[in-house]
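Here is the structure we will look at.
First the proteins, then the strands, lettered A, B, ... as listed; each starts at 1.
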Amino acid sequence: MTATAYSEAVRERCREPRRAGAWPEDDRGVGTGSAGSLDAGAWTRLQVHVAADGRIDDTRFKVFGCSAAIACASFVADRLVGALPGEVPALAAADVAAALDLPGDKHAMAALATEAARGAAEDWERKTAARG
Amino acid sequence: MASARPIYLDHHATTPVDPRVLEQMLPYFNQIFGNASSRQHAFGWRADEAVERARQQVAQLIGARAKEIVFTSGATEANSLAIRGAVAARRSLGAHVVTVTTEHKAVLDVCASLEREGCTVTRVPVEGDGRVDLDRFAAALRPDTVLASVMIANNEIGVVQPVADLARACHARGVWLHTDAVQAAGHVPVDVNALDVDLASFSAHKMYGPKGVGALYVRRTPKVELVPQLVGGGQERGLRAGTLNVPGIVGLGAAAAIGRAEMAAEAGRVAGLRDRLLEALRRGLGDVTVNGSQTFRLPHNLHVAFEGVDGEALMTSLADDVAVSSGSACASGSREPSHVMTALGRTAADSWGAVRFGLGRSTTAEDIDTAAARVCEHVSRLRAMSPVALGTRA
């Protein structure tokens with residue numbers, strides 16, 4: 001019955017998460033990544049949309065999990081806007097955890113969000129390469 | 001009048017001290033402050049009188065005799081004294097203990113500690129409704145079983161066990177039965193003679209008394225012997241050493257007396273509100289799964305699972321409006337589902353969405369309507385955010 005004491009940043013993003021939603025995975029310009037699982041209790045799905053100039057111009061996420069999982073997904077979704085897909089792997093889970101002042105036992109939720117983000121960027125790159 | 005915010009619906013975790021209880025406690029902090037063991041002067045006599053009055057009040061709540069009540073620091077200590085004390089006293093007869101998978105950690109962890117000391121423990125599983133099957137329980141009792149421990153009402157799902165039936169099975173085999181009565185006492189009738197239990201644990205703060213005080217019922221006829229777990233002073237007839245917490249004990253006694261007087265009316269009132277809450281949730285959200293028996297259940301408990309929603313995220317979302325409890329906590333990305341939900345045969349995914357509502361004396365119909373509306377709103381919002389609805393299960 002334990003509840004975690006969260007920062008206001010986490011609570012605010014949990015109450016009013018930005019960029020929640022989903023696009024069809026086969027939409028042109030969309031890359032989709034996923035990390036975690038329902039059975040494990042946390043599952044983050046993140047999508048990036050890459051514009052004609054090669055930069056991510058929009059993102060969406062869906063998440064099942066605790067408040068930290070929601071906050072991390074929303075935070076990462078925000079941070080990716082304006083980045084190049086190749087820059088996504090540079091977004092470190094530790095930086096996300098620090099920005100949201102996550103409790104120590106919740107850092108894994110930041111790792112889920114960044115892993116899903118990497119997957120989304122890789123998916124976009126794969127689909128783009130396949131299209132030539 | 002508008003309800004206070006957030007609306008408190010976590011009365012299984014703790015209850016506020018009833019103002020009438022507090023009023024009775026206050027003089028014992030600085031006016032009647034004597035040590036109840038000081039038999040030489042009036043300060044001690046008056047403290048002792050208060051303690052004995054409280055002992056009588058607790059005994060009356062559970063149909064016991066005052067001499068059968070031992071005051072402790074709370075139910076955790078009472079459980080520990082009952083289980084460890086009984087097993088130690090009966091060691092020559094055997095070293096096997098029977099308990100149930102849905103017990104509180106204050107029982108399960110004591111049993112685990114006994115295992116490390118050479119005892120064996122059988123944890124009887126519950127059925128899908130959270131109740132113990134009598135035949136399955138009886139089959140777990142062995143010739144070397146010295147004690148069984150089964151709670152009256154579960155702290156998560158509120159399910160009430162058939163304790164009197166279990167006691168019959170125990171006594172037919174010479175086994176003592178301890179019950180953790182914490183969630184039941186003061187809320188529903190608990191009569192130690194009707195239940196025929198040998199030991200029963202109680203906590204003041206679960207029935208509108210103060211934290212840090214509880215009691216253990218120890219049957220005198222036939223006599224239940226315990227090996228004390230705290231020594232050094234001989235208080236409580238040698239069963240629990242330590243200066244008595246007189247204000248706390250006065251509070252426990254007062255809470256017991258109020259609970260006894262108001263229980264019948266209050267149980268009916270909160271059961272009606274609990275049913276109103278469930279109906280409102282079902283109206284707002286469609287199918288809502290109730291965990292555990294709806295028949296054998298505490299009147300102030302509702303434990304439900306919202307599919308596709310994480311209970312902890314829901315708690316955080318609701319925090320400004322409603323205080324409830326979820327059944328699990330996650331750490332390091334590896335979560336442990338509630339052991340109670342697991343015992344019911346529910347999957348981990350079912351467990352994540354579990355939320356416990358605990359109604360109480362201050363809960364009003366307006367509180368329930370407001371809480372239901374907020375819960376429906378946030379469950380819908382979280383479900384819309386959940387990838388579970390996409391159907392691509394990771």
Going by heavy atoms in the side chains, are [X] and [Y] under 4.5 Å from each other?
X      : Y      : value
B:D320 : A:R11  : no
A:V63  : B:D310 : no
A:F64  : B:M385 : no
B:V388 : A:L38  : yes
A:K62  : B:S386 : no

When you check the gap from the basic side-chain N to the acidic O, do B:R381 and A:E16 get nearer than 4.0 Å? no
With rounding to the nearest 0.5 angstrom, report the SG to CD distance, A:C14 to B:E312. 7.5 Å
Part of B:A319 lying under 4.5 Å from any heavy atom of chain A: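 It is neither, since no heavy atom gets under 4.5 Å.
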Heavy-atom pair with the smallest gap, counting every atom of B:W352 and A:D39: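 For B:W352 and A:D39, the tightest heavy-atom pair comes out as CZ2-O, 3.3 Å.
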Is it the case that more than 12 heavy atoms not belonging to B:R346 sit under 6.0 Å from its CZ atom?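 More than 12 within 6.0 Å, yes.
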A:E125 atom CD, neighbour heavy-atom count above 12 within 6.0 Å: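 Count over threshold, so yes.
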Who wins among B:G308, B:A13, B:A348 for the most heavy-atom pairs under 4.5 Å with chain A? B:G308
